[in-house]
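Notes follow the structure.
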Amino acid sequence: MKQQQMYPDYKRAYYDFKKEHSPEQMEAWINFNTQVFKEGAIPEKEKQLIAIAVAHVTQCPYCIRSHTQLALYKGASKREIMEAIWVATEMKAGAAYAHANIAIDEIESQQE
């Protein structure tokens with residue numbers, strides 16, 4: 001029996017399925033994606049580094065892989081990519097640290 005993965009490997013067939021069954025949305029998605037990552041006030045390489053950091057926080061394996069490839073293609077170094085990942089790591093851990101205030105507030109409100 002074949003073991004199912006939580007995240008199947010990417011196949012072109014998935015893209016084709018989405019395009020066939022929701023062509024207007026796919027066209028809008030492709031246009032949006034193109035616009036977002038286009039050179040602007042922020043250079044394309046930096047946008048890809050931001051995407052890598054966000055992908056690590058959102059824990060999207062497809063995004064991590066694709067934006068790492070695109071960042072390398074846009075000239076990002078291994079060090080730049082790792083620094084982006086460390087920024088994401090701090091932000092994710094920082095959120096847990098900051099949210100402790102909610103638990104502390106609740107603890108203190110129960111003792112009144």
Side-chain angles (χ1 to χ4, degrees):
M1 182 158 98
K2 181 182 175 191
Q3 184 178 6
Q4 258 189 307
Q5 297 176 349
M6 180 180 291
Y7 298 103
D9 292 334
Y10 176 79
K11 296 177 188 167
R12 174 67 190 221
Y14 298 144
Y15 171 86
D16 294 340
F17 183 94
K18 293 171 190 173
K19 191 171 183 179
E20 178 183 347
H21 297 286
S22 55
E24 297 87 6
Q25 292 86 349
M26 280 301 293
E27 183 178 352
W29 175 252
I30 291 165
N31 290 336
F32 178 66
N33 190 356
T34 300
Q35 286 299 313
V36 167
F37 286 99
K38 209 164 91 170
E39 188 87 17
I42 300 172
E44 290 180 77
K45 180 180 88 170
E46 280 73 15
K47 287 183 179 188
Q48 292 303 328
L49 291 168
I50 292 167
I52 290 170
V54 172
H56 278 79
V57 172
T58 61
Q59 298 176 316
C60 175
Y62 301 113
C63 299
I64 292 168
R65 187 171 301 281
S66 67
H67 290 288
T68 298
Q69 290 171 359
L70 287 165
L72 289 167
Y73 177 74
K74 294 295 178 180
S77 69
K78 294 173 187 175
R79 185 177 180 120
E80 288 173 315
I81 291 168
M82 285 309 305
E83 284 190 18
I85 294 167
W86 282 113
V87 169
T89 303
E90 192 285 330
M91 294 301 293
K92 186 87 169 177
Y97 172 80
H99 279 81
N101 297 346
I102 298 168
I104 293 166
D105 185 61
E106 187 60 27
I107 291 166
E108 291 179 347
S109 74
Q110 297 298 316
Q111 294 176 356
E112 296 175 0

Item to check | Shared hydrophobic cluster, Val54 / Phe37 (ILVMFWY, side-chain heavy atoms < 4.5 Å) | outcome: no
Checklist entry - Between Tyr15 and Tyr10, which heavy-atom pair has the shortest distance, and what is it? => result CB-OH, 3.4 Å
Checklist entry - Does a side-chain heavy-atom distance below 4.5 Å link Tyr14 with Pro8? => result yes
Item to check | Residue pairs, two or more places apart or on separate chains, that pass side-chain hydrogen bond (donor to acceptor under 3.5 Å, both in side chains) and touch residues 63-74 | outcome: Glu44-Lys74, Gln48-His67
Checklist entry - Near Tyr62 OH, under 6.0 Å, is it more than 12 heavy atoms from other residues, nucleotides or ligands? => result yes
Checklist entry - If you look at every heavy atom in Ala55 and Cys63, which pair is closest and at what distance? => result CB-CB, 3.6 Å
Checklist entry - Would a hydrophobic clustering, with Ile, Leu, Val, Met, Phe, Trp and Tyr connected at side-chain separations under 4.5 Å, put Leu49 with Met82? => result yes
Checklist entry - Just by distance, do the side chain of Asn31 and the backbone of Glu27 share a donor-acceptor pair under 3.5 Å? => result yes
Checklist entry - Does one hydrophobic cluster hold both Ile50 and Leu70, with members joined at side-chain heavy-atom distances below 4.5 Å? => result no
Checklist entry - Which distance, rounded to the nearest 0.5 Å, do you find between the CH2 of Trp29 and the NZ of Lys19? => result 15.5 Å
Checklist entry - Is Glu106 close to Ile102 at the side-chain level, that is, under 4.5 Å between some pair of heavy atoms? => result no
Checklist entry - Does Lys18 use its side chain to pair, donor to acceptor, with the backbone of Met26 at less than 3.5 Å? => result no
Checklist entry - Could you give all pairs that pass the side-chain hydrogen bond (donor to acceptor under 3.5 Å, both in side chains) test and reach residues 88-102, with sequence neighbours left out? => result none
Next on the checklist: Are Ile64 and Ile52 packed together at the side-chain level, in the sense that at least one heavy-atom pair is separated by less than 4.5 angstrom?
Outcome noted: no
Checklist entry - When rounded to the nearest 0.5 angstrom, what is the spacing between CD in Glu39 and NZ in Lys47? => result 7.5 Å
Checklist outcome for this item: Nearest heavy-atom approach of Gly75 to Glu80 is O-OE1, 4.0 Å
Next on the checklist: Nearest 0.5 Å, please: how far is CH2 in Trp86 from CD1 in Ile81?
Outcome noted: 15.0 Å
Item to check | NZ-CG distance between Lys45 and Leu72, expressed to the nearest 0.5 angstrom | outcome: 11.0 Å
